[in-house]
Number of protein chains: 2
Amino acid sequence: MNTTPAAIADSCLCLAVMRAARRTARRFDDALRPMGITSGQFSILVAIAASKGASLGEIADRMGMDRTTLTRNLKPLETEGVIATEADPDDARRRRLVLTQTGGALLTLATPHWQAAQKATEAQLAGPAAGARAILTEME
Amino acid sequence: MNTTPAAIADSCLCLAVMRAARRTARRFDDALRPMGITSGQFSILVAIAASKGASLGEIADRMGMDRTTLTRNLKPLETEGVIATEADPDDARRRRLVLTQTGGALLTLATPHWQAAQKATEAQLAGPAAGARAILTEME
DNA sequence: GCTTTATATGTGCAACTACACTCATAAGTC
DNA sequence: GACTTATGAGTGTAGTTGCACATATAAAGC
């Protein structure tokens, strides 16, 4: 394996995925800015809506995010009333996350903005976007 | 296009790339921890080494990173003497970034650690890693 | 040359990120 | 049931990220 700086810069998967992530996040942030939420907040809303009643740790895991990071990201969303937490009747340690009615409405309103960014990103991928997702999903 | 929350969670390229980026960064961070640098710092050293004399803005662009983020990330590296800035004789606005001798030595020592993380990440990709890189490179 | 515009960079601020540590509850062992 | 271990979550702290704004230099228009 060639380990000259130039070869590393060209081949490093960490740098490649970080660069792609930063650029993609900016695009989705721009698209969602009119709704007053970031791409990260939108992802949280989607993750919660897609898996009703999942615990904080499960959502964090699904997002590949540190659990404590999610804890803090939830705070403003909870304050604004778009998400809420429920006690788990079977396990007092768990916090089950749910979308409020307001949160559901916000998600519905934000979806077209997401869709625009999603389509733009897909359009830029030469191969099928499904292939890109498959690869990204493998990178865990 | 299906825009139910579950469908969005499954198809969203932003969420997918963010998740992959967080997980990959953690792996490279772990690998480089013995060297006392993060994956981001390693990437900066590589980018500077691979393009000698490039300006701050050029390096930031190459990394898909906000220019101001790079400015701040450079500060500790400069304090520790692994990178330095030179004046550009042709343009007084530009800061040309260079690796110091110490920085070059650090990069050499860190490279095997990077290589281990790189190989582990490549091994986990079912398809050829080159395909993953190509897709990530397209996501800009 | 002087004004206007463009470029390269730095700073204020606010939010995101995660490691180390702590606390509370559940599960397992005897 | 008491003790040990495992699990789910929150907080302290420190670093990362980037938008809005400000500054300095260069280039362009006249």
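So that the names make sense, note that chain A is the first sequence line, chain B the second, and so on, each numbered from 1.
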Self-check item: Polar contact flag, side-chain donor to acceptor under 3.5 angstrom, Asp29(A)-Thr38(A)
Solution: no

Let me know the distance between [atom1] of [X] and [atom2] of [N], rounded to the nearest Å.
X	N	atom1	atom2	result
Arg19(B)	dC16(C)	CZ	C1'	18 Å
Asp61(B)	dA8(C)	CG	C1'	13 Å
Met18(A)	dT17(C)	CE	P	10 Å
Ile59(B)	dT9(C)	CD1	P	10 Å
Glu78(A)	dA9(D)	CD	P	13 Å
Asp66(A)	dA9(D)	CG	P	13 Å
Glu58(B)	dT9(C)	CD	C1'	13 Å
Leu70(B)	dG18(D)	CG	P	11 Å

Self-check item: Those residues of residues 28-46 of chain B lying under 4.0 Å from DNA chain C by at least one heavy atom
Solution: Arg33(B)

Quiz item: Is Asp30(A) paired with Arg27(A) through a side-chain N to carboxylate O contact shorter than 4.0 Å?
Solution: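 No salt bridge links Arg27(A) with Asp30(A).
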
Quiz item: With the threshold set at 4.0 Å, does a side-chain nitrogen-carboxylate oxygen contact exist between Glu58(B) and Arg95(B)?
Solution: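 Arg95(B) and Glu58(B): not salt-bridged.
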
Quiz item: Would a 4.5 Å heavy-atom cut-off, applied to side chains only, mark Gln41(A) and Asn73(A) as touching?
Solution: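 Answer no - side chains too far apart.
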
Practice problem: Have a look at the helix from dG1(C)-dC30(D) to dC30(C)-dG1(D) and give the angle its two end axes make, five pairs each, rounded to 10 degrees. | Solution: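 Axis-to-axis angle, ends of the helix: 30°.
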
Using nucleotides 1-8 of chain D, report all nitrogen or oxygen pairs with the protein that are shorter than 3.5 Å.
from: dT7(D); atom 1: O2; to: Arg93(A); atom 2: NH1; distance (Å): 2.6

Give a yes/no on whether any side-chain N or O of [X] is located under 4.0 angstrom from OP1 or OP2 of [N].
X	N	result
Asn73(A)	dA15(C)	no
Thr71(A)	dA9(D)	no
Lys75(A)	dT11(D)	yes
Thr69(A)	dA18(C)	yes

Exercise. Just call it for Arg72(B): base, sugar-phosphate, or nothing, with non-hydrogen atoms closer than 4.0 Å on any strand.
Key: base

Is there a donor-acceptor pair closer than 3.5 Å between any side-chain N or O of [X] and the backbone N or O of [Y]?
X	Y	answer
Thr102(A)	Val82(A)	no
Ser51(A)	Ala54(A)	no
Thr69(B)	Met65(B)	no
Glu86(A)	Gly53(A)	no
Arg26(B)	Gly64(A)	yes

Quiz item: Taking Asp88(A) as the fixed residue, which of Arg93(A), Arg94(A), Arg96(A) is the one that meets the side chain to side chain donor-acceptor pair (under 3.5 Å) rule?
Solution: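 Among the candidates, only Arg94(A) passes.
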
Self-check item: Among Gln118(A), Gln124(A), Lys119(A), the one residue meeting side chain to side chain donor-acceptor pair (under 3.5 Å) with Glu122(A)
Solution: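 It is Gln118(A); the other options fail the test.
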
Quiz item: Once you round to the nearest 0.5 Å, how far does CZ of Phe28(B) lie from CD1 of Ile37(B)?
Solution: 12.0 Å

